[in-house]
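Because the structure is predicted, anything quoted here is derived from the model rather than measured. In what follows, every chain begins at residue 1, and chains take the letters A, B, ... in the order their sequences are listed.
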Number of protein chains: 2
Amino acid sequence: MSFRILIVDDEPALQSMVREILTQAGYETLSALSCAQALEQFRAAPPDAVLLDVMLPDGDGFSLFGKLRENRDMPVLFLSARDEDADRLQGLGLGADDYITKPFLPQELLLRLRAVLRRVYREEGSASKLGDAEIDWGKGTVRRDGREAALTAKEYALLRKLWDARGNIVTIDALCAALWDGPLVGYENTLMVHIRRLREKIEAEPSHPSYLLTVRGLGYRLNVEGGT
Amino acid sequence: MSFRILIVDDEPALQSMVREILTQAGYETLSALSCAQALEQFRAAPPDAVLLDVMLPDGDGFSLFGKLRENRDMPVLFLSARDEDADRLQGLGLGADDYITKPFLPQELLLRLRAVLRRVYREEGSASKLGDAEIDWGKGTVRRDGREAALTAKEYALLRKLWDARGNIVTIDALCAALWDGPLVGYENTLMVHIRRLREKIEAEPSHPSYLLTVRGLGYRLNVEGGT
DNA sequence: GGGTACCTTAAGATTAGCTTACTTTTTCCC
DNA sequence: GGGAAAAAGTAAGCTAATCTTAAGGTACCC
């Protein structure tokens with residue numbers, strides 16, 4: 001199972017060095033030289049983890065961090081040349097998974113990344129169980145009593161967002177924000193249609209869902225405890 | 001939710017300092033001054049995470065690490081005075097979740113611990129206790145003697161408003177403002193109905209409330225001190 | 001004991017969400 | 001580049017959970 005790691009750093013030398021290290025270790029890498037590129041890459045295909053430099057040409061890593069985490073609670077490790085206490089505390093305080101200062105040992109970077117990935121994607125590998133349905137994130141498919149259904153891009157994003165918050169209510173606004181950029185109004189009905197289609201793939205009885213539950217007036221919630 | 005953290009270090013000064021930091025932050029602490037003590041503590045009651053010094057009187061932290069992880073895959077963060085590359089790599093290579101070198105900032109220790117705990121025990125939507133009722137804000141439910149009741153949107157907003165001001169009186173006007181936009185007149189009676197319904201979910205005797213109290217002429221007040 | 005403030009219940013109204021079919025857009029393959 | 005198939009978006013009628021109204025009842029305070 002190969003993880004896709006997004007490297008956000010504007011120094012070409014460091015970019016290629018890190019890419020080299022990760023590739024050697026069997027990871028798949030994506031590159032971004034600026035905040036804008038990072039967001040673009042992220043939207044195109046969200047990575048499994050992000051290595052993020054604090055200083056970027058078009059903004060600082062901290063605010064980029066906020067934008068990324070808004071969408072997905074994925075592992076983020078800061079890489080920074082600045083070893084000021086204040087910076088480290090800020091980065092970690094925001095909720096980063098690690099803060100590594102340059103220069104660093106290639107080996108240490110790998111180990112720290114591995115430590116985080118191990119916790120986040122522990123036993124799941126790239127599959128998750130949802131009652132009698134099995135989600136394969138890598139392939140983007142759902143299996144239920146033998147049948148395998150492929151998820152569309154929107155369905156995938158929707159399920160992922162709900163899965164990240166599994167057990168908890170996710171507001172309609174948050175879901176719309178995860179599926180579309182720009183103004184999050186006017187898509188409520190479309191969202192419902194996607195919810196329906198997703199239910200048809202993961203639920204035994206789409207009209208009486210056991211997992212993807214409606215919480216009227218508040219949003220939707222992915223019920224993890226075996227359904228009824 | 002309080003985590004039990006085991007601190008393994010033979011310097012009494014550092015022991016008490018770390019204990020102080022963690023206690024302040026709301027964690028429960030356990031202490032061990034040696035490998036033997038650590039294993040004993042572990043057997044008696046496995047902690048949720050371990051802070052582990054590398055140098056101990058009766059053995060090194062690395063081998064203790066192995067013994068602990070053999071039994072349980074819990075978070076372990078090394079604390080060490082030795083900042084040799086080789087040590088860091090060894091610690092992380094074994095599968096530790098972090099490796100922090102002394103001296104460290106108390107704040108950083110807390111943040112790094114928090115980062116790991118967040119991943120391992122994915123915090124479920126923070127729960128609040130209200131006497132014998134338990135509110136799960138993430139799920140939008142209330143549990144009382146085994147039974148779980150889902151809150152409606154209005155009930156949720158109402159309870160939230162009262163909880164935010166728990167202990168203090170909230171005026172009818174303030175509650176109406178929280179539940180409806182626009183002019184806050186004409187809804188007083190409706191509010192009462194919602195209060196009633198909320199009481200039916202959180203109170204043992206809705207007509208003789210212990211928590212959601214009426215303050216005649218002023219408003220309502222959420223009584224936090226476990227009523228009876 | 002009278003008045004006011006709050007409670008309680010049930011029935012009716014409302015509206016958030018469901019469902020289905022249809023249209024438009026995108027993707028992919030020749 | 002063009003045509004087919006898949007995905008995404010739109011619309012409209014429907015359903016039922018939830019909210020609101022209303023009317024009679026109860027407790028508290030002077």
Side-chain angles (χ1 to χ4, degrees), chain A residues 43-45 140-142 148-159 161-162 169-176 178-203 205-222, chain B residues 140-142 149-159 161-162 169-203 205-221:
Chain A
R43 262 194 276 276
T141 58
V142 175
E148 189 171 73
L151 295 171
T152 70
K154 291 274 188 271
E155 284 159 13
Y156 185 93
L158 183 54
L159 184 52
K161 182 77 183 172
L162 287 163
I169 295 169
V170 185
T171 64
I172 308 254
D173 282 4
L175 289 171
C176 283
L179 296 202
W180 297 279
D181 323 313
L184 35 76
V185 288
Y187 280 104
E188 293 83 356
N189 184 256
T190 309
L191 174 67
M192 260 177 232
V193 176
H194 287 298
I195 291 270
R196 167 67 183 185
R197 288 180 183 149
L198 185 52
R199 277 176 173 159
E200 278 169 0
K201 292 181 183 173
I202 63 174
E203 298 278 358
E205 291 181 88
S207 296
H208 300 94
S210 332
Y211 307 116
L212 209 176
L213 308 179
T214 301
V215 186
R216 201 168 225 267
L218 297 175
Y220 293 90
R221 185 171 79 80
L222 205 62
Chain B
T141 57
V142 175
L151 296 170
T152 69
K154 288 275 189 285
E155 285 159 11
Y156 187 93
L158 182 55
L159 183 52
K161 182 78 182 170
L162 286 162
I169 295 169
V170 185
T171 64
I172 309 253
D173 282 4
L175 289 172
C176 284
L179 296 201
W180 295 278
D181 323 314
L184 35 76
V185 288
Y187 280 104
E188 293 82 358
N189 182 251
T190 309
L191 175 65
M192 263 177 230
V193 176
H194 288 299
I195 291 272
R196 166 67 183 183
R197 293 200 177 125
L198 187 51
R199 277 174 174 160
E200 278 169 359
K201 290 181 183 173
I202 64 174
E203 298 279 358
E205 292 181 87
S207 295
H208 300 94
S210 341
Y211 308 117
L212 208 177
L213 308 179
T214 301
V215 185
R216 213 182 153 82
L218 296 173
Y220 294 90
R221 186 171 76 81

Rounded to whole Å, how long is the line connecting atom OH of Y220(B) with atom P of dA5(C)?
13 Å
Quick one: is dA5(C) close enough that its OP1 or OP2 comes under 4.0 Å of any side-chain N or O from T214(B)?
no
Write out a two-atom table: protein N or O, nucleotide N or O from nucleotides 17-21 of chain D, distance below 3.5 Å.
{"residue": "dC19(D)", "atom": "OP1", "partner": "K154(B)", "partner atom": "N", "Å": "2.9"}
{"residue": "dC19(D)", "atom": "OP2", "partner": "T152(B)", "partner atom": "OG1", "Å": "2.7"}
{"residue": "dT20(D)", "atom": "OP1", "partner": "W180(B)", "partner atom": "NE1", "Å": "2.7"}
{"residue": "dT20(D)", "atom": "OP2", "partner": "H194(B)", "partner atom": "NE2", "Å": "3.1"}
{"residue": "dT20(D)", "atom": "O4", "partner": "R197(B)", "partner atom": "NH2", "Å": "2.9"}

Would you kindly give the CZ-to-P distance between R221(B) and dC6(C), to the nearest whole Å?
16 Å
Would a distance-only check, ignoring hydrogens and angles, find a side-chain to backbone donor-acceptor pair under 3.5 Å from E203(A) to S210(A)?
yes
What is the separation between atom CD on E203(B) and atom P on dC7(C), rounded to the nearest whole Å?
12 Å
Sidechain-backbone polar pair: R221(B) side chain, V215(B) backbone, donor-acceptor under 3.5 Å
no
With sugar-phosphate meaning primed atoms plus P, OP1 and OP2, does Y156(A) contact a base, only sugar-phosphate, or nothing at under 4.0 Å between heavy atoms?
nothing
Spacing between I195(B) atom CD1 and dA5(C) atom C1', to the nearest angstrom:
14 Å
Integer-rounded Å distance: dT10(D) P and E188(A) CD
11 Å
Does any N or O in the side chain of R197(A) come within less than 3.5 Å of the main-chain N or O of E155(A), such that one atom is a donor and the other an acceptor?
no
Looking only at non-hydrogen atoms, find the nearest pair between I172(B) and E188(B) and report the distance.
CG2-CG, 4.1 Å
Verify side chain to side chain contact (heavy atoms under 4.5 Å, CB included) between L162(A) and L175(A), making sure each step is shown before the conclusion.
CA-CA 8 Å; L162(A) 287 163; L175(A) 289 171; 4.1 Å; yes
Rounded to whole Å, please give me the gap between CZ in R199(A) and P in dT19(C).
7 Å
I need the CZ-C1' distance between R196(A) and dA16(C), as an integer number of Å.
17 Å
If you assign each of E200(A) and I172(A) to its closest nucleotide in DNA chain C, which residue comes earlier from the 5' end?
I172(A)
Plane angle bin for W180(B) and H194(B) - parallel if under 30°, tilted between 30 and 60°, otherwise perpendicular
tilted
Separation of dG24(D) atom C1' from M192(B) atom CE, nearest Å, is 14 Å
L198(A) backbone acceptor or donor facing E200(A) side chain under 3.5 Å:
no
